[in-house]
Amino acid sequence: MKIEIIPCLKDNYSYIIIDEKNKKTCVIDPSESKPIIDFLEKKNLKLNYILNTHHHYDHIGGNVELKKKYNSKILGFEEDYKKIPQIDIKLKDGEIWKEDNFEAKIIHIPGHTLGHVCFYFYKDNNLFTGDTLFSLGCGRIFEGTYEQMFSSLEKIKKLPIKTKIYCGHEYTLQNSKFCIQYDNKNQSLIKKIKDINEKLKKNEPTIPSTLEDEFKNNIFLRSDNEEIKSNLNLKGSSSLTTFSKLRDLKDNF
Ligand code: ZN
Ligand code: FE
């Protein structure tokens with residue numbers, strides 16, 4: 001399977017997964033239809049499936065037009081069927097979605113929205129995290145609670161460390177500025193920031209990241225780190241308290 005990164009809107013990423021042998025495709029979170037159609041036409045492909053991580057407009061904006069053009073099937077979390085128009089396949093937490101040669105585990109990860117899911121294509125170890133886990137960041141908590149977001153990230157942390165992370169936005173550089181402020185002695189993060197700057201200078205995406213990289217560098221996955229707790233004056237606090245404090249600080253960063 002091949003994954004193409006399609007920049008959309010200002011800083012969104014949609015992803016097209018291509019089964020080249022059978023000429024079948026999926027798109028993850030089409031923010032808008034035009035860049036997706038342009039890409040597919042160039043490659044002489046059609047669109048079979050539209051997978052949505054959550055109902056926000058910048059993740060489903062292209063759905064209806066793409067479905068109309070290609071007769072694609074729209075997939076989304078079962079409880080979001082009223083918020084994501086024209087859903088064909090209602091997904092449940094923990095289920096395996098399998099069609100053609102595509103095979104993904106659906107993991108419900110509420111917090112950013114209540115119906116947020118991620119798609120784990122376990123055969124190739126690719127994870128599409130929408131607006132829950134970003135490279136060096138996590139999503140704003142719009143609909144859920146701190147506890148929900150925290151435990152959603154804990155679910156993701158249980159996946160294999162080599163898992164590649166494909167998230168919904170190019171926020172990595174901005175996120176890195178927040179991470180380094182409270183984790184300034186983290187050598188791995190310092191190196192990662194150099195890598196990020198080099199990629200962006202060449203106009204390349206900083207995505208995909210890996211879970212291993214995020215473990216080392218993403219402050220929102222490091223709320224059990226004593227150094228970070230102490231930098232926040234939260235010595236002795238729980239990881240959830242530290243995480244919540246970080247999320248508040250980031251909202252005003
Ligand atoms: Zn969102
Ligand atoms: Fe978004």
Side-chain angles (χ1 to χ4, degrees), residues 3-17 26-36 50-66 74-87 91 93 104 106-120 126-153 155-156 164-178 196 200 205-209 214 218 220-221 243-244 246-248 250-253:
I3 299 176
E4 292 286 344
I5 303 179
I6 314 288
C8 290
L9 304 176
K10 196 172 129 256
D11 51 30
N12 277 82
Y13 286 134
S14 300
Y15 301 101
I16 299 178
I17 309 178
C26 296
V27 67
I28 318 280
D29 285 354
S31 316
E32 47 182 340
S33 58
K34 186 163 184 308
I36 310 297
I50 299 170
L51 280 57
N52 297 121
T53 62
H54 65 294
H55 69 81
H56 284 160
Y57 185 76
D58 61 315
H59 298 257
I60 66 166
N63 276 18
V64 170
E65 209 173 316
L66 290 167
I74 298 181
L75 287 73
F77 190 55
E78 54 179 353
E79 284 164 35
D80 267 357
Y81 78 98
K82 283 183 182 154
K83 293 178 177 161
I84 302 175
Q86 300 186 32
I87 281 193
L91 304 168
D93 181 32
I106 312 305
I107 308 171
H108 182 216
I109 45 169
H112 179 69
T113 66
L114 289 175
H116 200 301
V117 293
C118 60
F119 297 94
Y120 179 41
N126 294 319
L127 182 70
F128 297 89
T129 56
D131 287 357
T132 297
L133 177 65
F134 294 121
S135 183
L136 302 187
C138 79
R140 269 177 201 263
I141 298 167
F142 284 123
E143 295 177 7
T145 62
Y146 294 102
E147 287 86 345
Q148 281 176 323
M149 186 55 127
F150 183 76
S151 68
S152 292
L153 294 172
K155 282 190 195 175
I156 293 174
K164 291 182 279 308
I165 307 293
Y166 292 86
C167 56
H169 291 266
E170 181 58 73
Y171 286 162
T172 317
L173 180 64
Q174 185 61 16
N175 288 342
S176 76
K177 294 176 184 165
F178 179 76
I196 293 164
L200 293 175
T206 62
I207 308 304
S209 177
E214 297 307 314
N218 186 335
F220 290 96
L221 300 188
F243 170 79
S244 305
L246 286 166
R247 194 51 264 174
D248 284 344
K250 181 75 200 302
D251 283 347
N252 298 301
F253 182 70

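Start at 1 and go down the list; that is how both ligands and their atoms are numbered. Quick caveat, the model's predicted, so the values are computed rather than measured.
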Restricting Asp131 to its N/O/S atoms, the closest one to the Fe ion (ligand 2) is OD2

Should the pair [X] and [Y] be assigned to parallel (<30°), tilted (30 to 60°) or perpendicular (>60°) ring geometry?
| X | Y | result |
| --- | --- | --- |
| Phe253 | Phe178 | perpendicular |
| His59 | His56 | tilted |
| Tyr171 | His169 | parallel |

Scanning both residues in full, the closest heavy-atom pair of Arg247 with Gly139 reads NH1-O, 3.2 Å

If you round to the nearest 0.5 Å, how far is CZ of Phe150 from CG of Leu221? 9.5 Å

Measure the CD1-OH distance between Ile3 and Tyr15 for me, rounded to the nearest 0.5 Å. 9.0 Å

Just wondering, more than 12 heavy atoms not from Lys155 lying within 6.0 Å of its NZ? yes

Is the count of non-hydrogen atoms from other residues, nucleotides or ligands lying under 6.0 Å from Gln148 atom CD greater than 12? yes

Short of 2.8 Å from the Zn ion (ligand 1), name each protein N/O/S atom, waters not counted. His54 NE2, His56 ND1, His112 NE2, Asp131 OD2

Looking at the Fe ion (ligand 2), is there an N, O or S atom belonging to [X] that lies under 2.8 Å away from it?
| X | value |
| --- | --- |
| Asp58 | yes |
| His59 | yes |
| His56 | no |

